[in-house]
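Reviewing the structure listed below.
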2 protein chains.
Amino acid sequence: MKLIQIYQCLCDETRLRILHLLLRGPLCVCHIQKILGESQVNISRHLSYLKERGMVEAERHQNWMIYRLPAKCSPELEANLKCLQDCCTTEAVFRGDLAKLQKVVSIREVREVLEQVCCGAPVLGKAKSLCR
Amino acid sequence: MKLIQIYQCLCDETRLRILHLLLRGPLCVCHIQKILGESQVNISRHLSYLKERGMVEAERHQNWMIYRLPAKCSPELEANLKCLQDCCTTEAVFRGDLAKLQKVVSIREVREVLEQVCCGAPVLGKAKSLCR
DNA sequence: GACGAATATACGTCTATACGTATATTGACG
DNA sequence: CGTCAATATACGTATAGACGTATATTCGTC
């Protein structure tokens with residue numbers, strides 16, 4: 001992956017906020033949507049953009065698409081994600097997103113699903129809807 | 001300076017190459033132009049873009065405009081420039097630019113002017129043209 | 001003051017992309 | 001199979017920005 005493509009992914013605020021969230025762990029589309037307060041199409045399109053360029057990976061679990069940062073990042077991507085992590089602490093938008101993220105992850109069903117995803121285990125929970 | 005603006009500056013290849021060169025020290029427009037092999041207008045416009053957003057500073061010395069990275073960078077900018085520095089070593093374009101930069105800086109008149117600029121000293125050289 | 005070198009700006013065109021609305025797809029479940 | 005939830009895609013519009021051509025500006029020199 002070329003360096004310029006990394007920056008092209010980072011140069012939009014919505015994508016920046018998405019990646020910032022994914023630094024904390026995998027998330028499903030509907031939660032990203034809720035946290036950012038953007039429309040479903042918009043989030044989905046930006047995620048597609050990121051996926052096409054190898055900035056994120058997606059995996060379907062039942063009805064939900066779980067997005068995450070790639071398991072294996074190039075050194076360039078790794079360096080930039082680390083840099084992003086450091087830089088995001090100062091701006092209010094990102095802190096706000098993190099606060100909302102905590103709320104979402106504190107929901108038991110959500111946490112269960114995401115934990116299973118993280119471990120690569122099949123999702124066994126029987127929650128019908130993750131989105132409230 | 002907002003983080004997103006930094007990335008917007010970095011997301012164009014020409015600007016990325018310019019900033020990469022400026023990491024090595026101040027340069028005048030005509031040399032950036034020669035090194036990148038781009039038209040004068042194009043380089044000038046990208047430099048304006050960068051200057052408007054505080055990514056570079058410019059100072060006139062006689063006929064030449066010397067561009068450089070800001071004396072005082074925000075922590076975010078600093079972090080990203082450092083990251084850029086690290087990431088640029090792998091791609092051929094940047095290595096090629098560096099090679100051409102060595103040639104330019106090896107010209108005595110150029111080196112003299114740039115050194116005086118670096119020290120904040122008035123430019124005393126009497127070279128008529130820095131561009132060959 | 002005319003001229004040349006270095007640089008910047010104006011203006012027009014073209015392309016990428018951001019986003020809204022509508023519609024399609026995919027999976028679970030009764 | 002119909003329906004719903006979650007997600008993706010198609011299509012149209014608007015805007016940022018990349019770039020070329022022409023022209024202006026700024027400075028030094030004769």
Side-chain angles (χ1 to χ4, degrees), chain A residues 4-5 7-18 26-34 36-53 56-67 104 109-110 113-114 117 122-132, chain B residues 4-5 7-18 26-34 36-53 56-67 104 109-110 113-114 117 122-132:
Chain A
I4 188 75
Q5 286 182 299
Y7 289 125
Q8 281 164 352
C9 287
L10 296 174
C11 75
D12 174 88
E13 176 160 351
T14 304
R15 287 196 292 269
L16 205 51
R17 292 172 72 192
I18 291 175
L27 276 177
C28 95
V29 181
C30 61
H31 293 125
I32 299 177
Q33 179 187 343
K34 282 274 177 63
L36 299 201
E38 295 276 337
S39 70
Q40 183 265 319
V41 215
N42 215 9
I43 298 295
S44 177
R45 245 180 332 211
H46 280 298
L47 284 168
S48 298
Y49 183 104
L50 291 171
K51 194 166 63 144
E52 281 168 14
R53 287 155 183 81
V56 300
E57 293 171 351
E59 205 178 339
R60 178 178 281 279
H61 286 271
Q62 293 167 2
N63 246 339
W64 314 296
M65 283 295 278
I66 310 289
Y67 280 85
V104 164
E109 291 93 335
V110 173
V113 169
L114 293 178
V117 170
V123 177
L124 303 171
K126 45 221 162 307
K128 285 186 187 168
S129 166
L130 288 184
C131 299
R132 307 292 177 82
Chain B
I4 188 74
Q5 286 182 299
Y7 290 125
Q8 281 164 352
C9 288
L10 296 173
C11 76
D12 174 87
E13 176 159 352
T14 304
R15 288 196 292 269
L16 205 50
R17 291 172 72 191
I18 291 175
L27 276 176
C28 96
V29 181
C30 61
H31 294 127
I32 299 177
Q33 180 186 342
K34 283 273 177 62
L36 299 201
E38 294 276 338
S39 72
Q40 184 266 318
V41 215
N42 215 7
I43 298 294
S44 179
R45 245 180 332 211
H46 280 298
L47 284 167
S48 298
Y49 183 104
L50 291 170
K51 193 164 64 137
E52 281 168 14
R53 287 157 182 80
V56 300
E57 292 170 352
E59 206 178 338
R60 177 178 283 279
H61 287 271
Q62 294 167 1
N63 244 342
W64 314 296
M65 284 295 279
I66 311 289
Y67 281 84
V104 165
E109 291 92 336
V110 173
V113 169
L114 293 178
V117 170
V123 177
L124 301 172
K126 46 222 160 311
K128 285 187 186 165
S129 167
L130 288 185
C131 298
R132 307 290 177 81

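Proteins come first, then strands; the chains are lettered A, B, ... in the order of their sequence lines, and each starts at number 1. Excluded from the calculations below are hydrogen atoms, water molecules and symmetry mates; all remaining heavy atoms, backbone and side chain alike, are included.
What separates CG of B:Leu10 from C1' of D:dG17 is a distance of 16 Å, to the nearest Å. Rounded to an integer number of Å, the gap from CD of A:Gln5 to P of C:dT17 is 10 Å. As rounded to whole Å, 14 Å separates atom P of D:dC27 from atom CD1 of B:Ile66. Taking atom CD1 of B:Ile32 as the reference point, atom P of C:dA6 lies 14 Å away to the nearest angstrom. Rounded to an integer number of Å, the gap from A:Leu27 CG to D:dA6 C1' is 15 Å. Atom CG of A:Leu47 is separated from atom C1' of D:dT9 by 14 Å (rounded to the nearest Å). Between the CD atom of B:Glu52 and the P atom of D:dA18 there is a distance of 12 Å, rounded to whole Å. We find that CD of A:Gln33 is positioned 14 Å from P of D:dA5, with the value rounded to whole Å.
Look at B:Ser48 and you'll find a side-chain N or O under 4.0 angstrom from OP1 or OP2 of C:dT9.
Atoms NE2 and CD, from B:His46 and B:Gln33 in turn, are 13.0 Å apart once rounded to the nearest 0.5 Å.
Within the 4.5 Å cutoff, side-chain heavy atoms of A:Leu47 are placed close to those of A:Ile32.
Minimum heavy-atom separation, A:Arg15 to A:Cys9: NE-O, 3.0 Å.
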Please tabulate, one pair per line, all N/O donor-acceptor pairs under 3.5 Å involving side-chain atoms of residues 37-45 of chain A, not counting sequence neighbours.
from: A:Glu38; atom 1: OE1; to: A:Asn42; atom 2: ND2; distance (Å): 3.0
from: A:Ser39; atom 1: OG; to: A:Asn42; atom 2: N; distance (Å): 3.3

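One N or O on the side chain of B:Arg60 and one on the backbone of B:Gln62 form a donor-acceptor pair closer than 3.5 Å. Remark: side-chain polar atoms of B:Arg53 are paired, donor with acceptor, to backbone N or O of B:Tyr49 under 3.5 angstrom.
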* Structure fact -> Letter by letter from the 5' end, nucleotides 18-28 of chain C scores (B base, S sugar-phosphate only, - none; protein heavy atoms under 4.0 Å) SBBBB----BS
